[in-house]
2 protein chains.
Amino acid sequence: MKNTSRLLDNLRDKGERITDVRKAIIEILSAAPRPLSVQDLLSALKKKQLAVNKTTVYRQLEQLLFHNIVREIRFQDRSARYEVSLGDDHHHHLVCTKCHKTEDISFEEDLERQEKVIMHKKKFKVLQHSLEFFGLCASCQKK
Amino acid sequence: MKNTSRLLDNLRDKGERITDVRKAIIEILSAAPRPLSVQDLLSALKKKQLAVNKTTVYRQLEQLLFHNIVREIRFQDRSARYEVSLGDDHHHHLVCTKCHKTEDISFEEDLERQEKVIMHKKKFKVLQHSLEFFGLCASCQKK
DNA sequence: CTACATGCAAAAAATTTGCACCACC
DNA sequence: GGTGGTGCAAATTTTTTGCATGTAG
């Protein structure tokens, strides 16, 4: 809840309008236990009694990406997924390929060190990275 | 060249037929400096005077994936990319978001250690991971 | 000969675009 | 009231599927 209004303030400060749709999308993404696809978002919006067109969702996400309020992640399947990005909470994902349960993890020893090495050795300026682990969660291993 | 025939032997051993198309796809992927999309493959095949249908390419890739001969990677854009997987050469990618130049990098030790930690702490069995760095290559930084 | 490989057409799924209308500030 | 947000329909792009035909082993 707190995060949601913080993000909305953030947007307002940047001169963007606050509409019902935008607010709902941010709320849904903030509450989600895993990154959501556009389809996921559409279903969640429907549950909120907000019939939103998919085009609008795509456009909202585009803007939220631009403002670094959401982050785009691609798992192994076709569609992109989105999660709110709360500045300092950078993390990666454990994705169960069987039940699709998704968990966040963060490295003690961040990839930041690696990025510095890359910068130094390869002269490549890393702007972002994406790291996903795919496998079987504890309960799926038993099945 | 050597790799290509090794991979073909591998397939033959697994009881798969060796067709012109399959051979060409493996050759192209082996020679590619970066993971190729289906479109890339289709163009490359055309250059080889082999007019192949996209459906065939998708089906070939599906099979090569099944036999662990190619690996599927998803960058930030919509389409999937494929590269040959030579068993022990596991690596990650530096992708320039401007010129799309792609370079391989490896630092296996770290992630393997991480996978062990994950297994231990989270009881999650990691089967594969995907790590991509996006940013600007040396020459694009100057522009 | 026969099972697998291929081509073609069409469907399905994911994303983008153009244009008209609506509502936040 | 004007700019930016939204809906709708249609186009584009990527991937999948069904069926008829071809070919490697």
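Just so it is clear, the values below take in all heavy atoms, side chains as well, and ignore hydrogens, waters and symmetry mates. Letters go in sequence order (proteins before strands), and every chain restarts at 1.
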Euclidean distance, atom [atom1] of residue [X] to atom [atom2] of [N] [Å, nearest integer]:
X: Ile18(B); N: dA5(C); atom1: CD1; atom2: P; answer: 10 Å
X: Arg22(A); N: dT3(D); atom1: CZ; atom2: P; answer: 18 Å
X: Leu65(B); N: dT15(D); atom1: CG; atom2: C1'; answer: 13 Å
X: Gln60(B); N: dA5(C); atom1: CD; atom2: P; answer: 7 Å
X: Gln39(B); N: dT15(D); atom1: CD; atom2: C1'; answer: 11 Å
X: Lys23(A); N: dA23(C); atom1: NZ; atom2: C1'; answer: 14 Å
X: Asp20(B); N: dG22(D); atom1: CG; atom2: P; answer: 17 Å
X: Leu61(A); N: dT16(C); atom1: CG; atom2: P; answer: 10 Å

Between [options], spot the one nearest the side chain of [X], thanks.
X: Lys54(A); options: dT16(D), dA14(C), dT15(C); result: dT15(C)
X: Asn53(B); options: dT15(C), dC8(C), dT6(C); result: dC8(C)
X: Tyr58(B); options: dA5(C), dT15(D), dC8(D); result: dT15(D)
X: Val52(B); options: dT6(D), dG7(C), dT15(C); result: dG7(C)
X: Arg74(B); options: dT6(D), dT15(C), dT15(D); result: dT15(D)

Within a reach of under 6.0 Å around NZ of Lys46(B), are more than 12 heavy atoms found that belong to other residues, nucleotides or ligands?
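For Lys46(B), atom NZ is not crowded (no more than 12 foreign heavy atoms under 6.0 Å).
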Would you classify Thr55(A) as touching base, sugar-phosphate or nothing, given that sugar-phosphate means primed atoms plus P, OP1 and OP2, and contacts are heavy atoms under 4.0 Å?
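Touches a base.
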Which part of the nucleic acid does Glu62(B) contact within heavy-atom distance under 4.0 Å: base, sugar-phosphate only, or nothing?
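Answer is nothing: Glu62(B) stays at 4.0 Å or more from every strand.
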Could you check whether [Y] and [X], counting side-chain N and O atoms only, form a donor-acceptor pair closer than 3.5 Å?
X: Thr56(A); Y: Asn53(A); result: no
X: His91(A); Y: Glu83(A); result: yes
X: Arg22(B); Y: Gln63(B); result: yes
X: His129(B); Y: His92(B); result: yes
X: Ser43(A); Y: Asp40(A); result: no
X: Ser130(A); Y: Glu132(A); result: yes

Side-chain N or O of Gln63(B) closer than 4.0 Å to phosphate OP1/OP2 of dA5(C):
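Answer yes for this pair, as a side-chain N or O of Gln63(B) is under 4.0 Å from OP1 or OP2.
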Are Thr19(A) and dT6(D) close enough that a side-chain N or O sits under 4.0 Å from OP1 or OP2?
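So the side-chain polar atoms of Thr19(A) do come within 4.0 Å of the phosphate oxygens OP1 or OP2 of dT6(D), strictly under.
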Let's test your reading of the model: under 3.5 Å, does the base of dC4(C) pair with the side chain of Arg17(B) as donor and acceptor?
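Counting by modelled atom types and ignoring angles, a donor-acceptor contact under 3.5 Å is found here.
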base_contact_polar (dG7(C) base, Arg59(B) side chain, donor-acceptor, <3.5 Å):
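Answer is yes: a donor-acceptor pair is held.
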So what is the end-to-end bend of the helix from dC1(C)-dG25(D) to dC25(C)-dG1(D), with 5 pairs used at each end and the value given to 10 degrees?
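End axes: 40° apart.
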